[in-house]
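Input: a single structure, listed below in structure tokens.
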Amino acid sequence: MLALPASANGFIEVMTKLKLRLQEGNSERTVTVHQDVFTIGRLPQCDLYLPSGGVSRYHARLVKTPSGMWTIEDLGSKNGTQLNERLISSAQELQNGDVVWLGDVCLFVVLTAVESLTSKQETFSPGRTILRNVKQLQQQWILADNIDGDVGIKDKTIARLKDLVDIAKNLSAATSIDEIFSQVQEVVFRYLDSIDRLALLIDVTGCGKLELLSAATRNLSQQEGLPADGSWISRSICQKVFEEKVAIQTADAQNDERFAGENSILVKGIRSAMAVPLWDESKVVGVLYADAHLSSYHWAEKGEEELSFFSALANLVASSVQRWLLAEKLRSEEVIRQRLERYHSPAVVQQLIAVGALPNGRLPPQESEISILFADLVGFTAISETLTPTGIADLLNNLFEEMLQEVFACAGTLDKYIGDCIMAFFGAPEPQPDHADRAVTAAMGMLTRLENLNAKNFWTEPLQLRIAINSGKAVVGDVGSSQRVEYTALGATINLAARMEAVCPPGKCVVSEATYKLLSQPSCFLEMGDYRFKGINRLVKVYQTKMQ
């Protein structure tokens, strides 16, 4: 925003308005950016909803700087954000005519300047609205500037320090967000008689999107009438506090021109409002917000002091919230880890968690180039006739434990166990250009390992495997209902591999022509011939491992 002299009574402010023009096939549409922080992504709750496969859940955001300029930054998206055909790694200033790519979606930047005449006086009326950097407020409440006499100042300072210590102890013992907010609610309603409603908003995902986690009213009878969606909260105040690390207090929002366009203030009848950032060292993790329906005129005299206390409390709350966020992240990662370790090697699991490729703890289905492996125990039906059910379970558990080590050693993924058969694939969820080589290496390792186990009398009689491998496109990801989800691979590539297992000689591995052509060293295989398989209307050339 640029302020130019207009007259003795005011300034001309040149405001920069931002619009985005979207190309969608043969048509286009224009979206006006209507707030200072504007998120773009694949989730419906984003300010600009782009339901495209190449766009991440929270892909990018636009931020209006205090000077009135617009910047764009990537939010850790999978496909990245391009500005004028260059990937960005930090916030970049936008210019009129810039071209932005988010995955496969193209946005054209349209910036226009709008002039308006503003009063020469400060935007905030003296005695009605206070806007302070939170660092300026750290000691004011403790020092109690408005008390006459050194003894009085000392006594009140000691009392307030003791209060803060007690508050800090209670917050440090809180283990859930409900317990944290309960402590905050008790303290705020005890110290600040003017507050009617209180809210705790947290940036849970770390993407700059504030979520309302807890709210309360002083009058318990009004608690049920408090909208759960947070529509009563001034989002623009909270976003300004969050982005700019400032504390805001207004004693009469109805008569403050700054909030003239705030629907939540005007419609809901909010008079007084106060918001401070939850600032844990250099990071803001959320906002503590409070308001009142009646004008709090005493804030004109005691506003600085009460805002200082609110800010000091928020600092204590920030540490507790940060600990809670970390604990939630660790718990979530542990749940994800335990589930994924059923399918992937520990190294692959760690990589998936590190890159954040698990929206909602799930791996969304996507098309991948993979090599699928089926390893079947030869003569299992005959073997099971001689064993008890417990004996069958022991045999398969021990065999699968050994064979899976070879799959994981090649960074493969376990799809499932089908009776006495292991189904695994290579090339997903993370792309592996050498997926065919990995599959064959795992197969050779399984055959060699079983030979060694037989030599050590692993079972009462020698065991053999048949292994079949095919390569091609498949859809890989979490598939199922809300009650049960299974990470699996689907498609014709998998069906052919399952059919090929029937023509594999005992103790051998067979591969399709598609796999054979991808191998870096195909010389270890011999051509078996062309085969026709049920449900596949073409001849398939099959290769098998050479005789040893």
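We're numbering straight along the sequence, starting at 1.
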Closest heavy-atom pair, A290 versus L198, reported as atoms and distance to 0.1 Å, is CB-CD1, 4.0 Å
Donor-acceptor contact below 3.5 Å, side chain R218 vs main chain R197: no
As an exercise, state the distance from SG of C238 to CG of L210, rounded to the nearest 0.5 Å. 6.5 Å
Set out, in order, the CA-CA distance, both residues' side-chain angles and the distance that settles side chain to side chain contact (heavy atoms under 4.5 Å, CB included) for F310 and L192, then state yes or no. CA-CA 9 Å; F310 206 52; L192 303 179; 3.9 Å; yes
State, with a plain yes or no, whether a side-chain heavy atom of L48 is found less than 4.5 Å away from one of F38. yes
Check the pair L22 / C106 against side chain to side chain contact (heavy atoms under 4.5 Å, CB included), numbers first and verdict last. CA-CA 6 Å; L22 282 71; C106 181; over 6 Å; no
Nearest 0.5 angstrom please: L62 CG to L18 CG, how far? 6.0 Å
Just by modelled atom types, is the A428 backbone N or O under 3.5 Å from a matching donor or acceptor in the E369 side chain? no
Do side-chain atoms of R61 reach the backbone of I40 as a donor and acceptor pair under 3.5 angstrom? no
Are M274 and I248 side-chain neighbours, meaning at least one heavy-atom pair lies under 4.5 Å? no
Do Q239 and D36 have side-chain atoms, one donor and one acceptor, less than 3.5 Å apart? no
Measure the OG1-CZ distance between T39 and R57 for me, rounded to the nearest 0.5 Å. 12.0 Å
So, D203 side chain and G208 main chain: donor-acceptor pair closer than 3.5 Å or not? yes
Shortest non-hydrogen pair, D178 vs S214, comes out as OD1-OG, 3.9 Å
Steps toward side chain to side chain contact (heavy atoms under 4.5 Å, CB included) verdict (V100, V109): CA-CA 8 Å; V100 177; V109 176; 4.0 Å; yes
Which distance, rounded to the nearest 0.5 Å, do you find between the CE of M69 and the CG of L111? 7.0 Å
Start with the C-alpha distance between V184 and L313, add both sets of side-chain angles, then the distance that settles side chain to side chain contact (heavy atoms under 4.5 Å, CB included), and finish with yes or no. CA-CA 8 Å; V184 175; L313 175 62; 4.2 Å; yes
With sequence neighbours excluded, what pairs up with K19 under the salt bridge (Lys or Arg N to Asp or Glu O under 4.0 Å) test? none
Closest heavy-atom pair, S234 versus I237, reported as atoms and distance to 0.1 Å, is OG-CG1, 3.2 Å
Mind listing the closest non-hydrogen atom pair of S52 and D104 along with its distance? OG-OD1, 2.5 Å
To the nearest 0.5 Å, how far apart are OG in S56 and CZ in R42? 6.5 Å
Is the shortest side-chain heavy-atom distance between V33 and K64 below 4.5 Å? no
Just to verify, what does D74 make a side-chain hydrogen bond (donor to acceptor under 3.5 Å, both in side chains) with, not counting sequence neighbours? S77, T81
Of all heavy-atom pairs linking Q35 and W70, the shortest is O-CH2, 3.3 Å
For N79 and G103, the nearest pair of non-hydrogen atoms, with its separation, is CB-CA, 4.1 Å
Any L212 side-chain heavy atom under 4.5 Å of R235 side chain: yes
Heavy-atom donor-acceptor pair, H59 side chain to K78 backbone, under 3.5 Å: no
Give a yes or no answer on whether the side chain of E244 reaches the backbone of V246 with a donor-acceptor pair at less than 3.5 Å. no
For Q95 and E93, which I'm curious about, is there any donor-acceptor pair between the side chains at under 3.5 Å? yes
Keeping S311 on the side-chain end and A247 on the backbone end, is there a donor-acceptor pair under 3.5 Å? no
State whether the side chain of N84 and the backbone N or O of D98 hold a donor-acceptor pair below 3.5 Å, judged by distance alone. no
Pair T71, E73: side-chain N/O donor-acceptor within cut-off below 3.5 Å: no
Answer yes or no: is there a side-chain heavy-atom contact under 4.5 Å between V479 and L490? yes
Report yes if the side chains of L20 and F108 come closer than 4.5 Å at any heavy-atom pair, otherwise no. no
Between CD1 on residue I202 and CG on residue L278, distance to nearest 0.5 Å: 5.0 Å
Answer yes or no: is there a side-chain heavy-atom contact under 4.5 Å between L43 and Y58? yes
Hey, does the side chain of K209 reach the backbone of Q45 with a donor-acceptor pair shorter than 3.5 angstrom? yes
Note, D291 side chain near Y289 side chain (heavy atom, < 4.5 Å): yes
